[in-house]
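To keep things clear, I will list the structure first and then write my remarks on it.
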Amino acid sequence: MHKLIKSGFIAFTLVVSSQVFAQDGTIYPLENPAEPNAILLGTGGVENQPAPETWFRQWGDPMARNISTATLTPFLPEPGKANGTAVIVAPGGGFSWLSMGNEGWEVAEALAKQGIAAFVLKYRLNPTPPSLEDFSAWMNRPRPTPPAPPASGGSGSATPAPRPPQRDLSNQLEDAEAAYAMIINRAQEWGVDINRIGMIGFSAGAGLTMHATLNSKTMKLAFIGPIYGGMGPVEVPADAPPMFNVIATDDFLYNGQAGIIESWYKAGRPVEFHLYQNGGHGFGLGNPNRTSNRWFDAFMHWLDVNQFLVKK
């Protein structure tokens with residue numbers, strides 16, 4: 001049971017995150033990159049997955065789908081610059097594809113420039129249609145309108161929204177745990193302080209970050225950064241790590257809710273929340289002329305203030 005999503009935090013993300021990418025942009029075929037630095041995690045395959053891993057490009061971003069073999073790609077700081085902090089980076093894509101450039105490699109490179117050892121997690125995904133034509137049609141299929149936020153009654157009470165069905169993230173959690181274990185095992189080689197390993201994720205990757213935080217029995221994350229993930233309330237563990245949370249008001253996942261922030265606050269755990277005027281969904285490190293483009297600078301300042309950028 002612990003490997004299933006226990007709250008509404010990411011359920012809405014799982015249901016509708018794929019529609020963001022379907023609204024615009026042509027899908028182009030892309031030859032699978034060599035990925036010479038990717039390390040196999042050895043977590044097995046995906047049940048009922050007949051299609052091989054394939055890549056495509058949309059909005060200029062390389063994306064992978066039908067991933068049935070999880071890998072971890074290190075992006076290490078230049079010699080002498082490492083501060084000992086490490087971050088697992090989980091790209092998003094509705095658990096059906098991964099935005100490897102925008103929400104993976106580019107973020108990891110930016111972290112490495114700050115002295116942080118970054119590790120892009122290419123986790124296993126749910127099967128999608130084998131052919132690119134069928135996949136494009138599947139991406140652009142009609143979808144139901146997301147539910148509106150619950151309305152308050154005359155007494156001031158609100159009717160709680162029904163929780164979407166739970167979704168099994170056993171494969172993805174196993175991949176995240178294997179990545180964490182590998183970093184622990186190779187910490188000396190990679191210059192990592194095992195007490196300063198954090199995780200950030202984008203969209204569905206934010207959901208995986210939160211799922212690992214709430215459910216993993218082996219990962220002891222020093223900090224987390226869910227970036228434009230679901231905002232529903234959760235049950236916060238007593239030893240929950242400090243959280244840095246980012247979303248924009250024009251992101252369909254925001255919808256005027258900040259339940260996860262309130263949950264962390266009520267549990268007495270450190271939390272920083274940046275609600276930006278604009279940015280939409282899937283902005284990665286940033287898009288032109290959006291207030292959300294400063295989130296990475298704010299994240300670095302937060303890490304600095306919390307002593308994660310100082311070598312110990």
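Taking the six-membered ring wherever Trp is involved, the centroid distance between the rings of F273 and W264 does not fall below 6.0 Å. Aromatic pair F283/Y228: centroids less than 6.0 angstrom apart. F244 and H274 have their aromatic ring centers within a separation under 6.0 angstrom.
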Practice item. Verify salt bridge (charged side-chain N to carboxylate O under 4.0 Å, His left out) between K266 and E262, making sure each step is shown before the conclusion. Key: CA-CA 6 Å; K266 287 184 175 180; E262 184 177 0; 2.8 Å; yes
Practice item. Applying salt bridge (charged side-chain N to carboxylate O under 4.0 Å, His left out), run through K81 and E78 and close with a yes or a no. Key: CA-CA 6 Å; K81 193 172 183 179; E78 295 179 0; 5.8 Å; no
Review point. Under the side chain to side chain donor-acceptor pair (under 3.5 Å) criterion, do Q188 and W190 qualify, and how do the steps go?
Key: CA-CA 5 Å; Q188 185 173 2; W190 287 334; over 6 Å; no
Review point. Where do R196 and K312 land on the side-chain contact (heavy atoms from CB on, under 4.5 Å) test, with the steps shown first?
Key: CA-CA 10 Å; R196 301 170 73 186; K312 294 185 180 180; 3.7 Å; yes
Exercise for review: Take T291 and Q277 through the test side chain to side chain donor-acceptor pair (under 3.5 Å) and record every step on the way to the result.
Suggested key: CA-CA 6 Å; T291 62; Q277 175 185 330; 5.3 Å; no
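Under the 4.5 Å side-chain criterion, counting only non-hydrogen atoms from C-beta, M63 is not in contact with L30. Using a 4.5 Å cut-off on side-chain heavy atoms (C-beta onward), I200 and P226 make no contact. Contact of the V87 side chain with the F119 side chain is not registered, since no non-hydrogen atoms from C-beta on lie closer than 4.5 Å. Put simply, the side chain of K220 reaches to within 4.5 Å of the side chain of Y180, judged on heavy atoms. When side chains are defined from C-beta on, I197 counts as touching V192, because their heavy atoms get closer than 4.5 Å.
Across all non-hydrogen atoms, the minimal contact from G282 to N102 is O-ND2, 3.0 Å. L173 and L208 make their closest contact through N-CD1, 4.0 Å (heavy atoms, listed as atom of the first residue, atom of the second, distance). Residue P237 comes nearest to L214 through the heavy atom pair CD-CD2, 3.6 Å, listed as atom of the first residue, atom of the second, then distance. The shortest non-hydrogen separation linking T213 to P241 is CG2-CD, 3.6 Å. Minimum interatomic distance between S292 and N278 (heavy atoms only, all atoms of both residues): OG-O, 3.1 Å. When all heavy atoms are compared, the tightest approach of L72 to L41 is CB-CD2, 4.0 Å.
Note on E35 versus K122: salt bridge recorded, some NZ/NE/NH1/NH2 to OD/OE distance being below 4.0 Å.
Donor-acceptor pairing under 3.5 Å is recorded for the side chains of Q49 and N66. Remark: the R124 side chain and the S68 side chain contain no N/O donor-acceptor pair separated by less than 3.5 Å. Using modelled atom types and a 3.5 Å distance limit, the side chains of T73 and N37 yield no donor-acceptor pair. Side-chain contact annotation: E103 with W105, donor-acceptor N/O pair under 3.5 Å absent.
There is no path of hydrophobic side-chain contacts, each under 4.5 Å, that joins Y123 to V46.
With a 6.0 Å cutoff to the six-membered ring centre and a 45° limit on the axis angle, R290 does not count as a cation-pi contact of Y276.
Considering T69, D175, N171 in turn, D175 is the only one that fulfils the side chain to side chain donor-acceptor pair (under 3.5 Å) rule with T43.
Atom-to-atom distance recorded for E272:CD and I261:CD1 is 10.0 Å, nearest 0.5 angstrom.
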